[in-house]
Every structure is written in C-alpha cells, then in structure tokens.
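Input: a single structure, listed below in structure tokens.
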Amino acid sequence: MQLFDWIVLIVTLLFIVGYGSWKTRGSKNVEDFILGNNETPWYTVGLSVMATQASAITFLSTPGQAYHDGMGFVQFYFGLPIAMIVICVTFIPLYHKSKVFTAYEFLEKRFDVKTRSLAAILFLVQRGLGTGLTIYAPAIILSALLGWNLTVMNIIIGVMVIIYTFSGGTKAVNVTQKQQMFVIMSGMFITFFLILHYLPNDMTFTSALHIAGANDKMNIVDFSFNPEEKYTFWSGITGGFFLALAYFGTDQSQVGRYLSGKSVRESQMGLIMNGLLKVPMQFFILLTGVMVFVFFQFNPVPLNFNPNNKIAIEKSAFKEEYHTLEQKLVKLSEDKKVINLLYIDQLNQDYDNPILRKELVALSNKEKDLRDKAKDIISRADSNTETNDKDYVFFHFILHYLPKGLIGLLLAVILSAAMSSTASGLTALASTTAIDIYKRNQKEEKSEKHYLNVTKFFTLFWGVVAILFACVGTLFENLIQLVNIIGSIFYGTVLGIFLVAFYSKRVKAKPMFISAIISQLTIFVIYYFMIYSQEKLGYLWLNFIGAILTIVLSEILQFLFFRGKSDDDNELIIE
C-alpha cells in the first residue's frame with residue numbers, strides 16, 4: 001500500500017468514528033440510547049437495516065463465493081422480500097403497539113418471563129458469536145495480506161466501534177451507517193467498472209458473461225428438489241424466507257433499527273426499501289466476483305489466494321513440489337488466455353463456438369485439479385492451516401490490481417462494513433442484556449440514569465466479549481456461510497416462538513416454553529448428524545424445521561396436556 005492509500009483509509013475511518021461520536025453525544029435516558037428517541041426517518045431505517053446485514057463478511061466472502069461457485073448463492077435471498085412484507089404487516093405494528101425496547105420484551109407480555117428469557121438467551125449466544133465474527137472476518141484477511149498482527153487488528157476494529165456505540169447508542173449506529181453505506185457502495189461500483197475496464201479491449205460485457213457462463217458461473221436459479229444442495233430456488237424461498245423472517249423480525253440487532261423509526265409507517269417504509277434493494281445489491285456483489293473470475297482468465301493467478309499458505313510452503317520440505325504445480329498453472333493460464341481470446345473473437349462474429357466452450361471447460365477442470373493438489377500439499381506442510389482460500393480472492397485482486405488511493409478506499413469499505421455490523425450487534429446485545437435480563441430481574445425500582453449507565457456498561461462488556469471471540473476465531477469453509485449457519489441453528493426456534501405469539505391465541509406459556517426447549521435440542525441433534533453423517537442437508541432448512549417444529553409442538557402440547565388451562569402470567573391480547 002502507498003502513502004495515499006493509508007491517508008484515504010485513515011481519514012475515512014476517523015471521519016466515521018468522529019462524526020458518529022460528535023453527532024450523537026450525550027444520550028439522556030434509556031429510550032434515547034436504545035430507541036434513538038424514535039426520531040429515525042424511513043430512509044435512515046432502510047440504510048441502517050441494509051448496513052447491519054451487509055457486514056465485512058459480505059464484501060470479503062461473497063465475491064470469493066461467486067469466483068468459485070458462481071451466482072447460485074443469490075437464491076439464498078429469494079425469500080427476503082416476502083419476509084419484509086410479513087414483518088411490515090404483522091411484526092412492526094405489534095411491536096410499536098406494545099411500546100417495547102426489545103423484541104423479547106413483547107414475549108413476556110404474550111407468554112411469561114421464562115419464554116422471554118429463553119428467547120433472549122438464545123439471541124445473546126448466537127449474536128455474541130456472530131458479532132465476534134464480524135470483527136474477525138476483516139481482521140484475519142487484513143492481517144494476512146498486510147502483515148499486521150491478527151490480535152492487534154481485532155482490537156483496533158473493536159475499539160473503534162465501541163467508541164461511538166458507547167457514546168451514542170442506536171442513534172450513533174444509525175447516523176454512522178449512512179456514511180458507511182455510501183463508502184461501501186461507492187467503492188464497490190468503482191471496483192466493478194474498473195474490472196470491466198481492465199478486460200481486453202475487444203471484449204464486451206456480454207462476452208464476459210459468455211465466458212462466465214461457459215465456466216458454469218451464471219447458473220443463477222436451480223429448481224431441483226435435492227435437499228443436499230445448499231442453494232436452490234426452493235431452499236431460498238422457504239429456508240431463506242424463515243431465516244430472513246427470524247433475522248429481521250426477531251433479532252434485536254435488526255428490530256432495534258426499525259423500533260427507532262418515527263412511526264409505524266416510517267419503519268415499514270424502511271423495511272420495504274431493504275426488501276426492494278437487498279437482492280439486487282447481493283446480485284451485484286456476486287456479479288463483481290464473477291467478473292473477477294473473468295479477469296483472471298487473462299491475468300496471472302496464484303495457486304492459492306491465501307498468502308499465509310505460500311509462506312508455510314516456502315518453509316517446508318514440499319517447496320519444490322509446490323513450485324512444479326505453480327509452473328504448470330502458469331502454462332495453463334497462458335493456454336486459457338489464448339483460448340479465451342479466440343472465443344471472444346468468435347463471439348464478436350456472433351458465433352458461440354461449442355468446441356472452444358468445451359476447451360474452456362476442460363482447461364478450468366485442469367486448473368481445479370491443480371488447485372486441489374496444491375491444497376493437499378499445503379495440508380501436508382501444515383496440518384493446522386486452512387487450505388480454503390475463497391475469502392482471499394477479492395482482497396488479492398484489490399491489493400494487486402487496483403490503483404493507489406482506491407486500495408485505501410476498498411480497505412475502508414471492508415472496515416466500514418465490519419464496524420457497521422459490529423455496532424448494531426453491540427447495541428442489540430447491550431439492550432437485550434440490560435432490559436430483558438438485568439432490568440427484568442431487579443426487585444427494586446431504579447432510576448432512568450441507572451439503566452442508561454447499565455446499558456452503556458453492557459455495550460462495553462459485549463464489545464470486549466466480541467473482541468475475545470474474534471481473537472479465538474477460526475476460519476470455516478466460507479465466513480459468510482459460517483455466519484448464516486450459526487444463525488440457522490438458533491433462528492428457527494426463536495421465530496417459531498414469535499409466530500405462535502402473533503398468530504395463535506390458543507397456545508399458553510407452559511406449552512410454548514416446553515416446545516421451544518425440545519425444538520432447540522432437536523436442531524442441535526440434526527446439525528450434529530449433518531456434520532458427522534454421510535447424509536447432507538442444506539443448512540437453510542434448519543430455519544424451516546426449527547420454526548415449524550416449535551409451532552406444531554406447542555399446538556399439540558396445548559391440545560393434549562394444557563387444554564382448558566390458563567397461565568397466571570400476564571398475557572397480551574392479539575387482535
């Protein structure tokens with residue numbers, strides 16, 4: 001990185017942190033700190049919701065996911081727009097009517113304190129892990145590519161977020177996320193058009209799509225009913241719907257964004273904005289990854305994108321074996337470039353040559369074989385290393401091919417996205433701990449100032465916990481998948497509780513609590529067998545299974561064992 005890149009990076013980040021701290025300093029009470037005094041306009045709600053979900057993992061992992069596996073991941077988001085409509089019609093009006101600080105506070109009014117506490121604890125576990133990952137994801141990539149210490153990187157990112165989140169709470173998160181989304185999308189659009197500019201002069205965007213299609217990168221929709229496939233139209237429209245419904249409807253990191261809206265209508269408009277823009281945004285990010293793949297059909301590409309693996313190989317006895325594979329990849333890359341240029345020339349004459357397409361596929365398969373052999377050598381050199389390099393693809397392109405200044409901007413994009421998601425996570429964790437756990441179990445009346453200080457303390461506490469999670473984190477197959485897997489394990493049960501609360505007047509507190517416990521334990525067992533058995537199930541289905549199991553069990557238990565019985569606890573009447 002050049003000096004100008006460092007200037008762009010540091011100035012961008014200091015502006016976001018400084019502006020957020022200054023603009024929202026001095027929260028007067030808990031309502032101001034957690035709900036932003038209900039002053040957030042709809043467009044800020046929409047941007048804040050988008051920025052909360054669009055973590056650094058999105059901009060690190062998604063292009064790498066598309067580079068390796070193509071556009072199919074976009075199906076993961078197909079259920080999201082439908083979920084936004086359901087939340088706008090049902091969830092938001094009930095939350096506002098109940099005048100709650102957190103989503104889980106609503107559950108006590110509908111059921112009892114045990115159900116509220118269970119949902120809050122499930123949220124704290126999965127969001128605590130998820131928030132740590134939002135710090136860890138950019139930190140591990142930056143530390144590897146820039147030579148920085150990983151622990152130091154985790155601490156730097158975490159402390160920057162804690163500063164303005166501790167100062168201004170939800171309002172600070174909302175204010176800074178507008179700046180962060182501007183930086184993020186500006187950087188991504190500039191990068192996308194630069195990639196197109198770097199492609200051969202006689203190559204059109206349509207030709208680029210043809211090359212991607214020849215390599216199976218443009219298979220956007222899969223209508224197969226194979227449950228082992230991670231991403232299909234059906235898993236996206238069902239499992240993705242339930243995951244989005246749970247995440248946006250019951251996860252306090254998202255609920256807190258639209259509970260701060262000026263009115264029910266403003267909150268609804270913000271979520272509708274997210275529903276309209278989220279799928280196109282993810283499609284664009286995936287398409288950027290596909291264009292990176294096309295770019296590397298004409299430019300040198302490493303055998304493994306993770307620079308740590310290259311360092312490990314150079315220090316091992318397998319160095320020469322690895323170098324032999326690298327030489328073969330260089331020769332293969334030259335052959336690919338020749339064939340691709342011939343293919344483009346044919347396309348410019350309106351002829352999609354099937355022989356050249358087959359040759360492209362054959363060369364891609366040979367490259368995949370070389371990469372698999374390289375991973376095997378890396379594993380033999382260091383059995384503890386992570387051979388999967390999906391999360392390093394986009395960063396390799398940024399550092400080696402973007403002009404100076406833009407590298408600093410893209411690094412600011414990654415860090416801004418990390419800070420955005422982490423800040424939302426911290427406010428959600430702090431408010432849930434303070435309101436649903438601490439305040440609910442206080443026997444003596446405390447002042448507003450007391451609960452404000454407690455909430456700030458828990459913001460600091462969860463910030464430290466998230467940093468610690470990040471420091472002990474380990475790479476998975478793909479970070480964006482890991483975040484969604486963690487969510488899928490817990491979200492189904494929590495969503496089932498809320499759906500029963502909203503739509504079933506019959507079910508009382510005791511059958512609800514028992515069914516939620518059974519459902520969550522069942523999901524743990526299913527996931528255990530998913531890991532250790534030959535039979536695979538796409539993790540998105542865990543959301544569907546958890547929600548349906550919770551709903552059905554609660555109805556059965558109510559009918560068989562609690563029919564005609566009522567709970568003594570306060571119960572909200574759903575009209």
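When a residue number appears, it is its place in the shown sequence, counting from 1.
- Taken to the nearest 0.5 Å, the CZ atom of F305 stands 10.5 Å off from the NE2 atom of H400.
- Remark: E334 engages no residue in a salt bridge (Lys or Arg N to Asp or Glu O under 4.0 Å) (not counting sequence neighbours).
- Between the side chain of K217 and the main chain of Y67, a donor-acceptor pair closer than 3.5 Å is present.
- For F73 and F76, the gap between ring centers is short of 6.0 Å.
- Side-chain contact between H68 and V393: present, with at least one pair of heavy atoms (C-beta onward) separated by less than 4.5 Å.
- To the nearest 0.5 Å, the span separating CG on N348 from OG1 on T206 amounts to 10.0 Å.
- Sorted by first then second residue, the ring-ring contact (aromatic ring centres under 6.0 Å, His included) pairs that include residues 190-214, not counting sequence neighbours, are F192-F284.
- Proximity of I377 to R380: side-chain heavy atoms (C-beta onward) are separated by under 4.5 Å at one or more points.
- Not counting sequence neighbours, the partners of S224 by the side chain to side chain donor-acceptor pair (under 3.5 Å) test are D222.
- Nearest heavy atoms, L209 versus M291: CD2-CE, 3.9 Å.
- Looking only at distances, a side-chain donor or acceptor of N353 sits under 3.5 Å from a matching main-chain atom of I355.
- Closest non-hydrogen pair, G275 versus P81, comes out as O-CG, 3.7 Å.
- K331 and Q327 form no side-chain donor-acceptor contact under 3.5 Å, judged by distance and modelled atom types alone.
- Applying the salt bridge (charged side-chain N to carboxylate O under 4.0 Å, His left out) test to every pair with at least one member in residues 294-316, sequence neighbours left out, gives these pairs: K310-E314, K310-E326.
- Partners of L370 by side chain to side chain contact (heavy atoms under 4.5 Å, CB included), not counting sequence neighbours, listed by chain and number: L303, L325, K328, L329, L332.
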Next on the checklist: Could you walk me through whether I237 and I82 satisfy the side chain to side chain contact (heavy atoms under 4.5 Å, CB included) test, starting with their C-alpha distance in whole Å, then the side-chain angles of each, then the deciding distance to 0.1 Å, before giving a yes or no?
Outcome noted: CA-CA 9 Å; I237 211 76; I82 307 171; 3.8 Å; yes
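- Residues T191 and F394 have side chains in contact (heavy-atom distance under 4.5 Å, counting atoms from C-beta outward).
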Checklist entry - Do H396 and V301 pass the side chain to side chain contact (heavy atoms under 4.5 Å, CB included) test, and can you show the C-alpha distance, the side-chain angles, and the key distance before you say yes or no? => result CA-CA 9 Å; H396 177 86; V301 62; over 6 Å; no
Item to check | Candidate pair L341 and F298, rule side chain to side chain contact (heavy atoms under 4.5 Å, CB included), full reasoning | outcome: CA-CA 9 Å; L341 289 172; F298 304 94; 3.9 Å; yes
Next on the checklist: Let's go through Y343 and D352 carefully: what are the C-alpha distance in whole Å and the side-chain angles of both, what is the deciding distance for side chain to side chain contact (heavy atoms under 4.5 Å, CB included) to 0.1 Å, and is it a yes or a no?
Outcome noted: CA-CA 8 Å; Y343 184 58; D352 191 345; 2.6 Å; yes
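- Residues that satisfy the ring-ring contact (aromatic ring centres under 6.0 Å, His included) test with F397, not counting sequence neighbours, are F295, Y401.
- How far OH of Y258 is from SG of C88: 8.5 Å, rounded to the nearest 0.5 Å.
- Legend: residues meeting ring-ring contact (aromatic ring centres under 6.0 Å, His included) with Y351, ordered by chain and number and at least two apart, are absent.
- Within the 4.5 Å cutoff, the side chain of V255 has no heavy atoms near those of the T250 side chain.
- Counting heavy atoms from C-beta on, the side chains of L194 and P403 come closer than 4.5 Å.
- Side-chain atoms of I220 and L286, non-hydrogen and from C-beta on, never get closer than 4.5 Å to each other.
- D350 is linked by a salt bridge (Lys or Arg N to Asp or Glu O under 4.0 Å) to nothing, counting only residues two or more places apart in sequence or in another chain.
- Legend: residues meeting ring-ring contact (aromatic ring centres under 6.0 Å, His included) with F91, ordered by chain and number and at least two apart, are F502.
- Legend: residues meeting ring-ring contact (aromatic ring centres under 6.0 Å, His included) with F283, ordered by chain and number and at least two apart, are absent.
- Taking V361 as the reference, N365 meet the side chain to side chain contact (heavy atoms under 4.5 Å, CB included) condition, with sequence neighbours excluded.
- The CZ atom of F318 lies 11.5 Å from the CD1 atom of I378; values are rounded to the nearest 0.5 Å.
- A donor and an acceptor atom, one from each side chain of Y491 and D251, are located under 3.5 Å apart.
- Salt-bridge check for K373 with D369: failed, with every basic side-chain N at 4.0 Å or more from each acidic carboxylate O.
- Side-chain contact between M218 and V290: present, with at least one pair of heavy atoms (C-beta onward) separated by less than 4.5 Å.
- Here the side chain of E266 pairs a donor or acceptor atom with the backbone of W42 at under 3.5 angstrom.
- With rounding to the nearest 0.5 Å, the separation of OG1 in T62 from CG in L287 is 13.0 Å.
- Counting only residues at least two apart or in different chains, side chain to side chain donor-acceptor pair (under 3.5 Å) contacts with residues 283-303 comprise Q297-K336.
- Put simply, the residue from I339, T204, I211 that forms a side chain to side chain contact (heavy atoms under 4.5 Å, CB included) with I344 is I211.
- Within 6.0 Å of NZ in K375 there are more than 12 heavy atoms belonging to other residues, nucleotides or ligands.
- The shortest non-hydrogen separation linking A381 to I313 is CB-CD1, 3.9 Å.
- Within the 4.5 Å cutoff, the side chain of Q75 has heavy atoms near those of the V221 side chain.
- Of all non-hydrogen atoms in A208 and L199, the two that sit nearest each other are CB-CD1, 4.1 Å.
- Separation of atoms CG (L271) and CG (L80) is listed at 9.5 Å; rounding is to 0.5 Å.
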